[in-house]
2 protein chains.
Amino acid sequence: MYTIGQVSEMFNIPISTLRYYDKEGLFPDMERQSGIRKFSEQEIEALRVIDCLKVSGLEIKEIKQFMEWTKEGSRTFAQRKQLFETRKAAVEEEISQLQKTLDMLKYKCWYYDTAIADGSEENIIAMLPDKLPPEIQKLYNSAHEIEKEAA
Amino acid sequence: MYTIGQVSEMFNIPISTLRYYDKEGLFPDMERQSGIRKFSEQEIEALRVIDCLKVSGLEIKEIKQFMEWTKEGSRTFAQRKQLFETRKAAVEEEISQLQKTLDMLKYKCWYYDTAIADGSEENIIAMLPDKLPPEIQKLYNSAHEIEKEAA
DNA sequence: TTAATACCTAAACCTGACTTTAGGTCAAGG
DNA sequence: CCTTGACCTAAAGTCAGGTTTAGGTATTAA
């Protein structure tokens, strides 16, 4: 059993945030001893799930909904599973968005590397939009949503 | 040259957002014809960069800063390159966070699959924290930040 | 005994990124 | 001529997710 201060230290989350989460109903079963919150393993695991769902794009209200399902026992297994499946798909989608962002960033890094070496952007601009070095052209196309044309 | 309405359609961005970006200084060179905004290729490319930097975690103010650098010409190549390098590192970091989130989500999917099949969580709980099936154990460890212990 | 800590609440406040509102200009079509 | 549609501005409003403030309790340490 941990106090709010200990949990705050362990997870590097402000105390005010933990209280806010509690107020929002994210720890529905948390016990208290003369008014003082006692975080058990259950709440610790809840914190990991909260972080996971938050990162996956869920709002606090929706996370609360999930926490309520867990209180309803085996009746809600299917709903909970569905939620995680949906979140998984969302995160996979987000990763692939970030990969595209990364392609743009890599392209821009190359762009400025080259501009610095050349002292100007002129040479690069002359290569646009399809005479870039092959590796760079791939990044450029990905970042500009240019699909390979039919043969 | 495009009107704000055309750009809004092309990129699926609300007109109000485009005006907001303009007001925040994200299109410092945009021309107008009798008060009406004219989006050129320059602003179109700016929009792609805005999206990229936004996704990478930059705030609007910081993106404005970048747009101002581009106006200063070759003098700011190095700063701009540095910015993209930093953003690249940030996005790589975020992707790896999402990978860990994905491990948690996969673990939870397995968890509820199994719980549904068993009709209860008991069997699973009995396997915690280190008697899970090997593949699942990996996900669990990753999601719970458990490093492999020294041999 | 008093002063520092660690905890508590309710309610106000903050921030970023938009969105909405209210009121106005201007060109084309019926 | 007058209405419709696409544009414009300034300013107020919204929303999520916290954070801060103000005031209070309980335990411990000098």
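To find a chain, count down the sequence lines: A is the first, B the second, and so on, and within it residues start at 1.
When the side-chain nitrogen and oxygen atoms of S34(B) are compared with OP1 and OP2 of dC26(C), none of them lie within a distance under 4.0 Å. OP1 and OP2 of dA16(D) both lie 4.0 Å or more from every side-chain N or O belonging to Y20(A). Remark: Y21(B) is in phosphate contact with dC18(C), judged by side-chain N or O atoms under 4.0 Å from OP1 or OP2. Listed pair K61(B) / dG16(C) meets the phosphate criterion, a side-chain N or O lying under 4.0 Å from OP1 or OP2. R37(A) has no side-chain polar atom (N or O) that falls below the 4.0 Å cut-off from OP1 or OP2 of dC7(C).
Rounded to whole angstrom, the span from the CD atom of Q33(A) across to the C1' atom of dA6(C) amounts to 15 Å. Distance, R32(B) CZ to dC8(D) C1': 8 Å, rounded to whole Å. Between the C1' atom of dC7(C) and the CG atom of D22(A) lies a distance of 13 Å, rounded to the nearest Å. Taking atom CD1 of residue I15(A) and atom P of nucleotide dG18(D), one finds them 16 Å apart after rounding to whole Å. Regarding M1(A), its CE atom lies at a distance of 16 Å from the P atom of dC7(C), rounded to whole Å. I60(B) places its CD1 atom 17 Å from the P atom of dT15(C), with the value rounded to the nearest Å. The nearest whole Å value for the distance from the CD1 atom in I4(B) to the C1' atom in dG5(D) is 15 Å. Summarising the geometry, the separation between CD1 on I36(A) and P on dT5(C) is reported as 17 Å, rounded to the nearest angstrom.
Residue Q137(B) comes nearest to D130(B) through the heavy atom pair OE1-C, 3.1 Å, listed as atom of the first residue, atom of the second, then distance.
Across all strands, T3(B) comes closer than 4.0 Å only to sugar-phosphate atoms, never to a base (heavy-atom distances). Base engagement by S16(A) is indicated by at least one non-hydrogen atom pair under 4.0 Å involving a base atom. At the heavy-atom level, K54(A) lies under 4.0 Å from the strands shown only through sugar-phosphate atoms. Nucleic acid contact for R19(B): base, since at least one base atom lies under 4.0 Å from a heavy atom of the residue. Among the heavy atoms of the strands lying under 4.0 Å from E59(A) are primed sugar atoms or P, OP1, OP2 only; no base atom is included.
Exactly one residue among Y21(B), F27(B), F11(B) makes a ring-ring contact (aromatic ring centres under 6.0 Å, His included) with F39(B). That residue is F27(B).
Taking the six-membered ring for Trp and thresholds of 30 and 60 degrees, Y111(B) and Y107(B) have ring planes more than 60 degrees apart, a perpendicular arrangement.
Relative to the side chain of T17(B), the nucleotides dT19(C), dT9(C), dG18(D) differ in distance, and dT19(C) lies closest.
F84(B) and F66(B) have their aromatic ring centers within a separation under 6.0 angstrom.
Judged purely by atom type and a 3.5 angstrom limit, T76(A) has no side-chain atom pairing as donor or acceptor with the backbone of E72(A).
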